[in-house]
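Bear in mind that the values here come from a model prediction, so they are computed numbers and not experimental data. Lettering follows sequence order; numbering is per chain, from 1.
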Amino acid sequence: MSDPRQPKTAAPIAARVDALEGALTDAGLVPEGYLDEATAPAEDALSPRNGARVVARAWTDPAYRARLLGDGARACAELGYGLPYEESIVILENTETVHHAIVCTQCSCTAWSLLGLPPDWYKSPEYRARLVREPRALLREMGLDLPESVRVKIWDTSGETRYMVLPLRPAGTEGWSEEQLAAIVTREAMIGVARVTVG
Amino acid sequence: MSDPRQPKTAAPIAARVDALEGALTDAGLVPEGYLDEATAPAEDALSPRNGARVVARAWTDPAYRARLLGDGARACAELGYGLPYEESIVILENTETVHHAIVCTQCSCTAWSLLGLPPDWYKSPEYRARLVREPRALLREMGLDLPESVRVKIWDTSGETRYMVLPLRPAGTEGWSEEQLAAIVTREAMIGVARVTVG
Amino acid sequence: MDGIHDLGGMNGFGAVEVERNEPVFHERWERRAFGLNLLGLAVLRAYNIHEYRHAVERLEPAHYLAASYYERWFTAVASLLVEKGVVTRAELERRAGGRVPLARPSVTVGAPAPRPEAAARFAVGDRVRVRDGRTQGHTRAPRYVRGKRGVVVRVAPSFLLPDVAGHGARAPHEQTYQVEFAASALWANEGRPGDTVVVDLWESYLETDA
Amino acid sequence: MDGIHDLGGMNGFGAVEVERNEPVFHERWERRAFGLNLLGLAVLRAYNIHEYRHAVERLEPAHYLAASYYERWFTAVASLLVEKGVVTRAELERRAGGRVPLARPSVTVGAPAPRPEAAARFAVGDRVRVRDGRTQGHTRAPRYVRGKRGVVVRVAPSFLLPDVAGHGARAPHEQTYQVEFAASALWANEGRPGDTVVVDLWESYLETDA
């Protein structure tokens with residue numbers, strides 16, 4: 001692959017994928033409608049809106065927050081999230097003195113059920129290479145400038161445990177409903193590369 | 001560069017090189033005939049035939065061999081090789097019990113004056129990655145199967161010192177002239193990925 | 001394996017580009033590739049998730065870096081299905097009308113399965129060191145923590161040992177731990193005091209830091 | 001820098017292809033690229049050999065692996081001449097009729113110059129350890145020997161310290177050493193007893209192995 005004097009031009013990627021789907025289908029190995037059905041949750045049930053609801057509940061219900069930090073899976077189940085893809089989940093509580101952020105340096109593991117399938121930036125070699133080594137510089141580039149007084153704690157998803165950051169609740173949201181709060185919680189904040197902001 | 005959804009097709013490499021040569025030439029920065037003259041030695045004076053002559057002399061003259069192993073640069077100068085590109089040279093003597101081989105894991109440094117500009121295989125990521133870690137397996141793939149009784153010593157050209165392997169003289173060459181011997185010494189043998197063989 | 005996938009701490013990478021309002025899939029083929037892996041894993045049961053991860057790691061390094069996420073994903077799935085005899089490369093290339101690059105073959109049968117421990121060997125607060133072991137097979141101990149010292153901050157569940165499961169062999173469950181490393185221990189003078197990195201590691205990756 | 005160029009010991013690479021009767025240059029542009037670097041180094045004196053090596057290392061990692069040797073060579077030369085203000089990227093792209101990918105910018109001004117030592121600190125036979133330092137700049141201590149223990153087998157001449165010279169700064173000469181490492185110390189169980197790797201290292205990369 002490394003010698004462009006012998007270019008081994010590959011078929012277009014869409015044609016390669018079609019080829020595999022066609023071969024498996026013609027061999028009778030693809031149940032009718034399977035590919036549509038199996039992938040539908042990726043654009044529907046697996047959504048960062050789930051994590052946002054969990055965050056909003058934790059912001060408004062101190063008892064729930066305590067349960068969430070103690071046993072993330074059980075607390076998510078309370079809201080109806082069964083976490084079928086996550087066998088172990090840990091919720092990382094941001095405070096005024098500790099900021100958490102999540103990465104997977106070796107592939108791109110994430111808590112699909114709470115955060116959705118990961119975005120391209122999370123899967124990029126740039127993010128995977130840099131976050132563990134130069135978190136402050138990278139987060140600053142991404143718009144999050146952390147003060148010196150805050151300790152940065154990066155979680156590398158190298159095993160089977162999955163993580164979600166519980167961001168700081170922004171000022172100016174006193175009295176907001178859970179729904180209002182959930183609407184401002186972004187996937188970026190739950191990965192730890194952004195703050196939750198108002199307006 | 002890593003997102004093929006945004007293909008940033010580069011100009012053909014020949015056009016890129018021409019562009020730089022043209023820009024420098026038009027700026028008056030390229031002396032007349034310089035590029036031809038400066039690169040001519042690469043296809044002429046810088047040749048593995050030089051190293052082969054040094055090897056052949058060492059095989060036939062024990063006193064020269066001793067001088068070569070003691071002070072490689074001075075012994076090469078005796079044969080007229082001034083080593084303009086090498087500030088420090090070490091000759092590595094293969095024996096029945098130790099086999100040497102050379103690599104540059106971080107780029108592709110070599111003793112140009114004795115071995116010529118390095119071949120593509122020496123510059124390949126494959127060779128650079130594998131030789132230091134799995135020398136026996138790689139050398140076997142390249143046709144050199146070393147017995148268990150031989151210790152393998154790999155020299156990574158990470159600094160400014162350059163190396164040349166003094167291979168074992170093959171049996172069946174008794175009484176050969178220096179010229180005959182030099183003719184069978186290959187660049188591969190002087191890098192340590194092959195034996196010198198007869199016929 | 002010390003592969004191209006093990007990117008943590010590598011220098012030379014540039015800015016992270018964030019796409020606004022990014023769709024889950026950018027093109028139809030991405031969704032199909034995603035689905036074909038679910039098929040291979042859950043319906044055909046042709047391989048497990050660890051073998052899948054190892055297949056991604058086995059892409060040619062230049063291909064790995066040049067490909068998008070779902071091209072790597074597709075290539076791993078296609079490679080495994082060819083290796084397992086479900087489809088042939090020739091058929092894929094005939095149907096695709098061109099070359100279908102696959103992962104390089106696995107060069108090892110994987111680690112031997114260690115004897116399962118009766119109970120977790122380490123507890124929260126224990127000082128541990130990551131073994132500086134080497135394998136050309138699948139492992140999940142990133143290169144940047146090998147030989148480094150850290151502290152156990154959480155005893156996590158037991159999971160299949162990837163070093164065995166990644167090669168399709170019968171793998172034991174083994175205790176995992178979240179281990180916290182000082183940034184200054186990982187990156188010398190670059191790491192800021194107080195900053196840390198937490199890595200999730202299987203028990204056999206660790207030894208007591210004496 | 002822990003860059004893509006630092007390939008020693010990386011897994012996932014395949015067979016080494018040897019071309020029979022290989023020419024010195026395969027195409028005219030390779031020879032011209034070779035000559036343009038000699039021009040930049042020896043005639044224009046726009047940069048030194050250490051800056052050149054660092055510029056190669058600064059190629060985008062995906063470009064580094066996809067490019068041939070002389071494409072990397074050309075890209076480094078073009079990058080340095082643009083960085084030094086000798087030519088502009090715009091002119092190169094206009095003349096080339098397309099994109100001219102360059103190396104990524106250097107992210108550091110390089111290591112501070114250490115105080116030169118009066119005499120060689122180590123002697124043949126000394127047991128040394130490679131410092132586990134980190135830099136995002138140029139260095140010639142390969143990653144695979146960092147933190148590893150070896151023995152000095154030759155005291156070599158002094159040379160400019162690449163960690164400083166690679167950034168165009170005024171660099172001191174520093175003692176270099178050939179240091180021999182047991183393969184078993186570098187690669188754990190993979191290394192065969194008796195086999196060794198010798199690496200050429202500057203004095204400030206080393207500390208006494210206590």
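Using a 4.5 Å cut-off between heavy atoms, V150(A) touches chain C through its backbone atoms (N, CA, C, O) alone. For chain A, no part of R143(C) is nearby; none of its heavy atoms comes within less than 4.5 Å. Looking at A194(A), neither its backbone nor its side chain comes within 4.5 Å of chain C, counting heavy atoms on both sides. For L39(C), the parts lying near chain A are the backbone and the side chain together; criterion is any non-hydrogen pair under 4.5 Å. At a 4.5 Å heavy-atom cutoff, the contact between A23(A) and chain C is made by backbone and side-chain atoms alike. Proximity to chain C involves both the backbone and the side chain of Y127(A), based on heavy atoms less than 4.5 angstrom apart. Only the side chain of L81(C) comes within contact range of chain A, with at least one heavy atom under 4.5 Å from a heavy atom of that chain. Looking at R31(C), the atoms closer than 4.5 Å to chain A (heavy atoms on both sides) sit in the backbone and in the side chain alike. Looking at E141(A), only its side chain comes within 4.5 Å of chain C, counting heavy atoms on both sides. Residue contact with chain A, scored on non-hydrogen atoms closer than 4.5 Å, involves the side chain of V24(C) exclusively. Residue Q178(C) touches chain A through its side chain alone, counting heavy-atom pairs closer than 4.5 Å. For chain C, the nearby part of Y163(A) is the side chain; its heavy atoms alone come within less than 4.5 Å. Heavy atoms of V56(C) lying under 4.5 Å from chain A are absent altogether. Interface remark: R28(C) contributes side-chain atoms only to the contact with chain A (heavy atom separation under 4.5 Å). Residue F181(C): no heavy atom, backbone or side chain, is found under 4.5 Å from chain A. L29(A) touches chain C through backbone and side chain together, each having a heavy atom under 4.5 Å away. With a 4.5 Å cut-off on non-hydrogen atoms, Y177(C) does not touch chain A at all. For S158(C), no part lies under 4.5 angstrom from a heavy atom of chain A. For a residue to count as touching a neighbouring chain, one of its non-hydrogen atoms must lie under 4.5 Å from one of that chain's; by this rule A15(C) touches chain A with backbone and side chain alike.
Scanning both residues, A19(A) and A96(C), for their nearest heavy atoms gives CB-N, 3.7 Å. The two residues G22(A) and R95(C) come nearest to each other via the heavy atoms C-NH1, 3.4 Å. Closest approach of Y34(A) to A42(C), counting heavy atoms only: OH-CB, 4.4 Å. Shown here for R53(C) and C109(A), the closest heavy-atom pair between the two residues is NH2-SG, 3.7 Å. Scanning both residues, V152(A) and D195(C), for their nearest heavy atoms gives N-OD1, 2.9 Å. Shown here for R140(C) and T157(A), the closest heavy-atom pair between the two residues is NH2-O, 3.4 Å.
For W112(A) and F34(C), the distance between ring centers is under 6.0 angstrom.
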### Query
Do K123(A) and E30(C) pass the salt bridge (charged side-chain N to carboxylate O under 4.0 Å, His left out) test, and can you show the C-alpha distance, the side-chain angles, and the key distance before you say yes or no?
CA-CA 14 Å; K123(A) 299 179 288 196; E30(C) 294 189 343; over 6 Å; no

#### Entry: Pair W121(A)-E19(C), side chain to side chain contact (heavy atoms under 4.5 Å, CB included): steps then yes or no
CA-CA 8 Å; W121(A) 64 261; E19(C) 179 182 347; over 6 Å; no

### Query
After noting the C-alpha distance and the side-chain angles of L117(A) and F25(C), does the key distance pass the side chain to side chain contact (heavy atoms under 4.5 Å, CB included) rule?
CA-CA 9 Å; L117(A) 298 194; F25(C) 300 112; 3.9 Å; yes

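Comment: E93(C) does not engage R16(A) in a salt bridge, judged by the lack of any side-chain N to carboxylate O separation of less than 4.0 angstrom. Between R32(C) and D36(A) a salt bridge is recorded (basic side-chain N to carboxylate O distance below 4.0 Å).
Counting heavy atoms from C-beta outward, V198(C) and I154(A) have side chains that stay 4.5 Å or more apart. At least one side-chain heavy atom of H5(C) sits less than 4.5 Å from a side-chain heavy atom of R128(A). Counting heavy atoms from C-beta outward, F13(C) and S124(A) have side chains that stay 4.5 Å or more apart.
Applying the 6.0 Å contact sphere to CD of E93(A) captures more than 12 heavy atoms from other residues, nucleotides or ligands. Atom CZ of R49(A) is surrounded by more than 12 heavy atoms from other residues, nucleotides or ligands within 6.0 Å.
Interface remark: of the candidates T161(A), D18(A), V90(A), T161(A) forms the most heavy-atom pairs closer than 4.5 Å to chain C. For chain C, the option among A38(A), A101(A), S88(A), P118(A) with the highest count of heavy-atom pairs below 4.5 Å is S88(A). Taking chain A as the reference chain and counting heavy-atom pairs below 4.5 Å, the highest number among R192(C), R154(C), E190(C), E91(C) is found for R192(C).
Judged purely by atom type and a 3.5 angstrom limit, R99(C) has no side-chain atom pairing as donor or acceptor with the backbone of A11(A). E22(C) contributes a side-chain N or O that, together with a main-chain N or O of D120(A), makes up a donor-acceptor pair within less than 3.5 Å. Formation of a donor-acceptor pair under 3.5 Å by the S158(A) side chain with backbone atoms of D200(C) is found in this model.
Distance check: C107(A) SG to E57(C) CD gives 7.5 Å after rounding to the nearest 0.5 Å.
Residues from residues 129-138 of chain A that place a non-hydrogen atom less than 4.5 Å from a non-hydrogen atom of chain C comprise A129(A), R130(A), V132(A), R133(A), R136(A), L138(A), given in numerical order.
Residues passing the ring pair (Phe, Tyr, Trp, His ring centres under 6.0 Å) test with Y64(A), sequence neighbours excluded: none.
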